[in-house]
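See below for the structure under consideration.
Indexing begins at 1, ligand by ligand and atom by atom, following the structure's order. Side-chain atoms are counted along with the backbone in the values below, which use heavy atoms only and exclude waters and symmetry mates.
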Amino acid sequence: MNSFDFSSVKQIVCEPGAVKNMAAYCTSLHIQRPLIVTDAGLVQTGIPNQVEEILTRGGIHAVQYSNIQADPAESIVFDAVAFAQEHAIDGVIGLGGGSSMDVAKLIALLTQNQQSLASMYGVNKVTANRLPLILVPTTAGTGSEVTPISIITTGETTKSGVVSPRLLPDMAILDAELTTGLPPHVTAATGIDAMVHAIEAFTSKHKKNVYSDMLAKQALTLLSQNILAVVEHGDNVTARSNMLLGALLAGQAFANAPVAAVHALAYPLGGNYHIPHGLSNALVLPAVLKFNAEHAKNQYAELLPCVKKHVPQGLSKTQQCINFISTIDNLVSEVGLPRSLAAMDIPHGDLPKLASEAMEQTRLLVNNPRTVTQADALAIYQHAF
Ligand SMILES: NC(=O)c1ccc[n+]([C@@H]2O[C@H](COP(=O)([O-])OP(=O)(O)OC[C@H]3O[C@@H](n4cnc5c(N)ncnc54)[C@H](O)[C@@H]3O)[C@@H](O)[C@H]2O)c1
Ligand SMILES: [Fe+2]
C-alpha cells in the first residue's frame, strides 16, 4: 500500500435548497459582510441576487463582485481584490463554476495584504492568512470547492496554479437546485471534466492511495450514471445532486492523487483557442486512454464496473480495458460534445506547437501511468484530430 497524506475540507453540506441557510453558515464562521464572487452568466440566472436577499433577511449585508470571466486572468483577481478592500469585507463566498471559486480563494488571501500573488504560484508557497471562505459550485465539474488549487491565466496562452492547503475553504455547499439551469453543453463538458478527474486520480502514478481510489470509484459511478440524465433533463434535481456529489468526490480524489496527461494535453487547447476546460479534456480523453492502455490495463479494467452496469462474465483484463475505453468514448459522443480537433477548427499545422506546450506541464505529466514524450504528445493530438 502507498503511504499517503490526505486532507480535505472540514465541512461539506449536500442538500437541495441548502443556500436558504446561507445566513446561518456565515454566522457560524463569524462573517458579517461577505463578498459574493460570481460571473455575469450566473447573474442572468438570478441566483446571486437570491443569495444576497437570503443574507439580507438573515441580517447579513453582502456585496457582489460579478466580473469573473472564464479562465480568469490575473487582472481580474487584482480588480476583485481592490473591490473587496474598498468594501471592507470580512468573508468570501465563491458562487459559480471553477472560475469564480478559484478567484474567490485568492481574494480571501490577497485582501489581507500579507503576500503578493506573484510569490504564491507553485506548491506550498502561501504564507498569508485568509478570510473565512465558503464555496458553492454551480457547475458539477472542477471540484474546486474541495481542492487546494487555484488556476489563473498568467500569459497569452499560459496558466499558473497556486497550490496550498490554505486554499481549502471552511465550507463547501452542494445545492443541486442551483444547477438545474446549467445549459446542456456546459453540463456535458463540466461533467466529463469531473470524470477525467476521477479516472486520472485512479491511475495517478505516485500519490494514488486507498482514500483517493475509493473516492474516484464512487465519483466515476455517480458521474457516468447521471451525466446523460442531466444533459437530457436539466431539471432532474436527484441526478443534478448526484453529479455535484460525484464532482466533489472526484475533486477530493485528484486533490490528493493528481491528474495527468489528459489535463496536460488539454491545457494548450484552452490557452490557444479558448476552448472551455471540460471540452478540452473531452477532445483528448479517448486518445490518451488508448495511449495509456497497455500501462494502465488493470486499473482501467477495475474501473469498468463503475461505468457499465452489466459487465459480461469471463472477460480478460485486456478485454475489460478495451471495453472501458470504448464505453467512455461512446459517452463523450452521447452527451453531444464535438469529437475532434478538426471539428473545433484547429489548424493541423498547429499540432507540433501544441505538443511542445504540453511538454511544459511537467507537474501533471509525472503523474501519468505511461511516460509521454513530445513525439507521443504529437501522436495523441494527431489521433484526436
Ligand atoms: N481549482 C481547481 O481545482 C480546478 C480544477 C479544474 C479546473 N479549474 C479551473 O476552473 C475553470 C473552469 O471552471 P468551470 O468548468 O466550472 O466553468 P466556468 O466557471 O468558467 O463557468 C462556465 C460557464 O457556465 C456558466 N454557469 C455556471 N453555473 C451556471 C448555472 N448554474 N446556470 C447557468 N450557467 C452557469 C457561467 O456563467 C460560465 O459562463 C478554469 O479556469 C479551470 O482552469 C480549477
Ligand atoms: Fe479538470
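Annotation: cation-pi pair K208/F202 present, NZ/CZ under 6.0 Å from the ring centroid and within 45° of its normal.
Closest to atom 30 (C) of ligand 1 among all protein heavy atoms lies L42 CD1, 3.4 Å. For atom 31 (N) of ligand 1, the closest non-hydrogen atom of the protein is L178 O, 2.9 Å. Closest to atom 35 (C) of ligand 1 among all protein heavy atoms lies L182 CD1, 3.4 Å. Among protein heavy atoms, atom 40 (C) of ligand 1 sits closest to D71 OD1, 3.5 Å.
Residue D193 has no nitrogen or oxygen atom sitting less than 3.5 Å from a nitrogen or oxygen atom of ligand 1, judged on distance alone. For ligand 1, one of its N or O atoms has an N or O atom of S144 under 3.5 Å away. For ligand 1, one of its N or O atoms has an N or O atom of T138 under 3.5 Å away.
Formation of a donor-acceptor pair under 3.5 Å by the Q319 side chain with backbone atoms of S316 is found in this model. With hydrogens and angles ignored, the 3.5 Å screen pairs a side-chain donor or acceptor of Q320 with a backbone N or O of L315. For Q85 (side chain) and T111 (main-chain N/O), a donor-acceptor pair under 3.5 Å exists by modelled atom type. Looking at T158, its side chain never comes within 3.5 Å of a backbone N or O of T154 through a donor-acceptor pair. In this structure, the side chain of Q114 does not engage the main chain of L109 through any donor-acceptor pair within 3.5 Å.
Closest of all the heavy-atom pairs between L135 and S144 is CD1-O, 3.9 Å. Between T142 and T147 the shortest heavy-atom distance is O-CG2, 4.4 Å.
For atom 22 (C) of ligand 1, the nearest non-hydrogen atom from the set V186, T147, N281 belongs to V186. Counting only non-hydrogen atoms, the option in R240, H277, Q69 that gets closest to atom 6 (C) of ligand 1 is H277. The heavy atom nearest to atom 10 (O) of ligand 1, out of those in A247, G98, G143, is found in G98.
Under a 4.0 Å criterion applied to the non-hydrogen atoms of A70, ligand 1 contributes the atoms 20 (O). Applying the 4.0 Å criterion to heavy atoms of S99 picks out, from ligand 1, the atoms 10 (O), 11 (C), 12 (C), 13 (O), 18 (P), 19 (O), 20 (O), 41 (O). For ligand 1, the atoms closer than 4.0 angstrom to any heavy atom of G181 are 32 (N), 33 (C). Within ligand 1, counting atoms from 1 as listed, the ones closer than 4.0 Å to a heavy atom of D39 are 36 (C), 37 (O), 38 (C). Set against the non-hydrogen atoms of F254, the atoms of ligand 1 under 4.0 Å away are 3 (O), 5 (C). Atoms of ligand 1 found under 4.0 Å from any heavy atom of T139 (numbered from 1 in listed order, with element): 16 (O), 27 (C), 28 (N). Residue-ligand proximity, P72 to ligand 1, at heavy-atom distances under 4.0 Å covers atoms 41 (O). Of all atoms in ligand 1, listed by their number and element, those nearer than 4.0 Å to a heavy atom of G97 are 16 (O), 19 (O).
Rounding to 10 degrees, one finds that the Fe ion (ligand 2) sits at the corner of an angle of 100° between H277 NE2 and H263 NE2. Rounded to 10 degrees, the NE2-metal-OD1 angle spanning H197 and D193 at the Fe ion (ligand 2) equals 90°.
Contacts between K159 and ligand 1, counted as non-hydrogen atom pairs separated by less than 4.0 Å, involve the side chain only. Residue-level proximity to ligand 1 for D102 is carried by the side chain, the only part with a heavy atom below 4.0 angstrom. The backbone and the side chain of I149 each have at least one atom closer than 4.0 Å to an atom of ligand 1 (non-hydrogen atoms only). Within the 4.0 Å heavy-atom criterion, neither part of T153 lies near ligand 1. Contact annotation for T190 and ligand 1: only side-chain heavy atoms (C-beta onward) come within less than 4.0 Å of the ligand.
Protein heavy atoms all stay at least 4.0 Å away from atom 25 (C) of ligand 1.
Contact check on D329 versus K290 returns a salt bridge, with a Lys/Arg side-chain nitrogen under 4.0 Å from an Asp/Glu carboxylate oxygen. Using a 4.0 Å cut-off between charged side-chain N and carboxylate O, K217 and E302 make a salt bridge.
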Tell me, with the steps shown, if H61 and Q32 meet side chain to side chain donor-acceptor pair (under 3.5 Å).
CA-CA 7 Å; H61 182 70; Q32 274 303 307; over 6 Å; no
Just do the side chain to side chain donor-acceptor pair (under 3.5 Å) check on T190 and D193 with the steps written out, would you?
CA-CA 5 Å; T190 49; D193 180 32; over 6 Å; no
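Aromatic rings of H277 and Y267 (six-membered ring for Trp) have centroids within the 6.0 Å cut-off, being under it.
Checking each of D235, D175, T187 against R240 for a side-chain hydrogen bond (donor to acceptor under 3.5 Å, both in side chains) leaves exactly one that passes, namely T187. Here the rule is side-chain hydrogen bond (donor to acceptor under 3.5 Å, both in side chains) with D170, and of Q11, R130, K10 only R130 fits it.
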